[in-house]
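Here is the structure we will look at.
When a residue number appears, it is its place in the shown sequence, counting from 1. These numbers come from a predicted model, not from an experiment.
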Amino acid sequence: MKKETWKSIISAVLSITLIFCYPIEALAQSKATLSMGTQVVLRVNENFKAENKAENGTINAVIDSDVYSADGNTVLIKAGTPAFIEFNAEPNGSWGKAGRLCLTQAYTKTIDNKRIPLRLSSCKNGGSTLGGVIILSVLFFPLGLISGCMKGSMPRIPQNSTFAATVMQDITIE
């Protein structure tokens, strides 16, 4: 009789444990993680040319392809989601100095509307006219020194250009 009582008690405890623990496990599986370092491809929506001045701003872009969770089962950022790339422009200058445009970081949102910071590391230079300035200065000296007023060009980013960015921190998405 004692053996049957203990079996019943153990069965009851195990049953109650399973009833209470199973829903917790199911809830834990409904969360997904976007891991730090996950690569995200951004596609620029518009032709962009920096102005001839030092400035900071944003460029409109979209996510190029779906971004999945670490386990590869859940889409966390859908393709076509708006993204914004932050830039820093250095102006072009005299003596043919080219302008420079650096894309430093970006951000977008997940399917549950959480803001995701992204790291970019891309700089573009405009065209330099230093060679032409030197040739004109030498050939037509001293009048050629006026060519020192020639400026280089500012960089351009054509529409549909893509940039690889990485997620800056782990983010849990429900």
Side-chain angles (χ1 to χ4, degrees), residues 20-134 150-174:
F20 285 111
C21 292
Y22 183 75
I24 293 171
E25 183 181 325
L27 287 175
Q29 290 178 351
S30 69
K31 293 183 180 181
T33 301
L34 183 59
S35 300
M36 181 173 84
T38 300
Q39 201 156 53
V40 178
V41 178
L42 304 170
R43 184 172 27 91
V44 176
N45 283 348
E46 59 201 8
N47 288 320
F48 179 80
K49 182 177 181 203
E51 299 292 324
N52 186 18
K53 61 182 179 179
E55 65 179 320
N56 297 322
T58 58
I59 301 170
N60 294 325
V62 293
I63 302 301
D64 196 46
S65 57
D66 290 341
V67 178
Y68 290 88
S69 60
D71 63 8
N73 294 329
T74 309
V75 174
L76 302 179
I77 304 173
K78 290 185 178 186
T81 301
F84 302 94
I85 301 171
E86 295 179 359
F87 71 87
N88 179 1
E90 298 173 12
N92 54 2
S94 57
W95 294 100
K97 180 185 175 234
R100 183 175 172 95
L101 180 69
C102 289
L103 309 176
T104 55
Q105 59 185 6
Y107 56 92
T108 189
K109 293 192 176 186
T110 61
I111 56 173
D112 68 344
N113 222 19
K114 286 185 181 173
R115 183 179 163 135
I116 305 295
L118 304 169
R119 179 177 298 125
L120 275 164
S121 181
S122 178
C123 289
K124 289 186 166 273
N125 292 322
S128 175
T129 57
L130 180 60
V133 169
I134 291 172
M150 290 174 52
K151 293 186 173 193
S153 65
M154 291 299 290
R156 296 177 184 192
I157 298 176
Q159 184 175 3
N160 294 325
S161 296
T162 58
F163 296 95
T166 55
V167 176
M168 293 173 69
Q169 63 191 30
D170 288 340
I171 298 190
T172 302
I173 297 163
E174 297 183 29

Could you go step by step and tell me if I116 and L76 meet the side chain to side chain contact (heavy atoms under 4.5 Å, CB included) rule?
CA-CA 11 Å; I116 305 295; L76 302 179; over 6 Å; no
Test log, rule side chain to side chain contact (heavy atoms under 4.5 Å, CB included), inputs I59 and L103:
CA-CA 9 Å; I59 301 170; L103 309 176; 3.9 Å; yes
Before giving the answer on side chain to side chain contact (heavy atoms under 4.5 Å, CB included), spell out for E86 and T58 the whole-Å C-alpha distance, their side-chain angles and the decisive distance to 0.1 Å.
CA-CA 4 Å; E86 295 179 359; T58 58; 4.0 Å; yes
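Using a 4.5 Å heavy-atom threshold, the side chains of Q169 and P117 count as touching. Here the side chains of L120 and L42 are in contact, with some heavy-atom distance below 4.5 Å. Here the side chains of F163 and I157 are in contact, with some heavy-atom distance below 4.5 Å.
Scanning all heavy atoms of the two residues, the minimum distance from V167 to S35 falls at CB-O, 3.7 Å. The two residues M168 and R119 have their closest heavy-atom pair at CG-N, 3.6 Å. Looking at every heavy atom in both residues, R115 comes nearest to I171 through O-CD1, 4.1 Å. When all heavy atoms are compared, the tightest approach of Q159 to N47 is N-OD1, 2.8 Å. For the pair V62 and G80, the tightest heavy-atom approach, listed with the atom from each and the gap, is CG1-O, 3.9 Å.
Applying the 6.0 Å contact sphere to NZ of K109 captures no more than 12 heavy atoms from other residues, nucleotides or ligands.
Atom CE of M36 and atom CG of D170 lie 6.5 Å apart (nearest 0.5 Å).
F48 pairs in a side-chain contact (heavy atoms from CB on, under 4.5 Å) with only one of the listed residues (N60, L101, I85), which is L101. Remark: of the listed residues L34, D66, I111, L34 is the sole one forming a side-chain contact (heavy atoms from CB on, under 4.5 Å) with I77.
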